[in-house]
Amino acid sequence: MSTLLIKNGIVVTATDIYEGDVFVDGEKIAAIGTALQMSADRVIDAKRKYVFPGGIDVHTHLDMPFGGTTSADDFESGTIAAAFGGTTSVVDFAIQYKGQTLHHAWETWMKKAEGKAAIDYGFHMIITDLSVQVEEEMDALVRQGVTSFKLFMAYPGVFMLDDASIFRALLRTGSNGGTICMHAENGGVIDVLVKKALTEGKTAPKYHALTRPARAEAEATHRAIALAEMANVPIYIVHLSAAEALEMVTEARDRGLPAFAETCPQYLFLSYDNYEEPGFDGAKYVMSPPLRPRETQEQLWRGLAFNDLQAISTDHCPFCMKEQKVLGKGDFSKIPNGAPGIETRMSLVYDGGVRTGKISLNRFVELTSTSPAKIFGLFPRKGTIAPGSDADIVIFDPETKVRLSAKTLHMKVDYNPYEGREVVGATDTVISRGRVVIDGGKFVGRAGSGSFIKRASR
Ligand code: URP
Ligand code: ZN
Ligand code: ZN
């Protein structure tokens, strides 16, 4: 087992900032101090750099079949890109298709990840068909470390569950300690609006956004929280994008309900205006929920600062413009939904959140690592820098300037939603369970060295 000493860095956790040293023994953090006198196989000087717990992205879609195609990053390219960006754990989504068991879905996704993932990974389970046997299987999965389930209130006929099934699943988490993650958009309303738009010859990418109103997200968010309240269990709203939906979460939290929500960088840095880009370029931003008016960004930042939103994940679901997004040329409803983001999250949020003073450095760590770790049963093994925790560590240079571009990023997708944007603050060295995986801007890890993370229940 090798040892590693990170010297003179500025160690930042969700609660502390101090100049210090971190000693790693094998896969774990073994000691922290202000001037550790220990010898190690390797010493890294982190002077004037931040030492963060590894980023945790609890919303990714690697190698996911969707909209007649498959997301462009598999577990190898996606997790390597994640590591470049300072993320050392992902929680991806396995999908139970109708008629299948949850176990089959889990096995299928484990095979996708095994031998490929370069960082640690866990799974949420998407349930599309909730029979009595499937309810029983939920309990078994929780025991095996798949402790959260995503349900959809959108995509009728594909993923959507009715309220009764949603309520049953919520009730089940009351006894098995799992957590329901909700895609909150009113799928019935959206379907009617989509059909109407297409009948009227409105086929361009921007109609994706115009047929998914903020109120459809707010209504579903309100309903999801109400169902969870009646079931007396917590709920986690994924990829929250609309100010109207945030109001629903805030109202619930003000009443003391355990309602949690994440937002994503795309909702903090992009807006409806992107759909107005010329030609078919608006397709780059077709995702659900869609991008919202620019003013929403400030409201989301406020939600993040004041803990009405608890996490920033990516919803990384990349599709190339060539061959994939193009499936929806002439019909926006056929554009595969999703965008790349697994690699750019930490730099974007640092640059646009910390450097602008919207969130503190501690809150940055909390939103990108600690809080998702706590919500999803990874803490304190992950999500902090403490003796006994996994040595998932990011050495981050707050002065490095990077111009984001599909040409230099490592995600396997032919465009980047932030193309040309300059960010200040970037990953320098990344350590995953004691192994250096990014060293001076180079990937030195190994595909397949990531492990399945058995997560704890509530
Ligand atoms: O557009 C999106 N968000 N694609 C990924 C699937 C989902 O709903 O998260
Ligand atoms: Zn979703
Ligand atoms: Zn998603």
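Just follow the structure's listing: the first ligand is 1, and inside any ligand the first atom is 1. This one's a predicted model, so the numbers in the text were calculated from it and none came from an experiment.
The closest approach between any non-hydrogen atom of Phe152 and ligand 1 is below 4.0 Å.
The backbone and the side chain of Met287 each have at least one atom closer than 4.0 Å to an atom of ligand 1 (non-hydrogen atoms only). Counting heavy atoms under 4.0 Å from ligand 1, residue Asp315 touches it through the side chain alone. Neither the backbone nor the side chain of His316 comes within 4.0 Å of ligand 1, counting heavy atoms alone.
Atom OD1 is the N/O/S atom of Asp315 found closest to the Zn ion (ligand 3).
Classified by interplanar angle (parallel below 30°, tilted 30° to 60°, perpendicular above 60°), the ring pair Phe376/His124 is perpendicular.
At least one N, O or S atom of His61 sits under 2.8 Å from the Zn ion (ligand 3). Counting backbone and side-chain atoms alike, His239 contributes no N/O/S atom closer than 2.8 Å to the Zn ion (ligand 3). For Val238, every N, O or S atom stays at 2.8 Å or more from the Zn ion (ligand 2).
Judged by the 6.0 Å and 45° rule, Lys325 forms no cation-pi pair with Phe319. A cation-pi geometry, defined here as NZ or CZ lying under 6.0 Å from the six-membered ring centre and within 45° of its normal, does not hold between Arg292 and Phe269.
Atom NE2 of His222 has 12 or fewer heavy atoms from other residues, nucleotides or ligands within 6.0 Å.
Taking each heavy atom of Thr384 and Ser389 in turn, the nearest pair found is CG2-OG, 3.6 Å.
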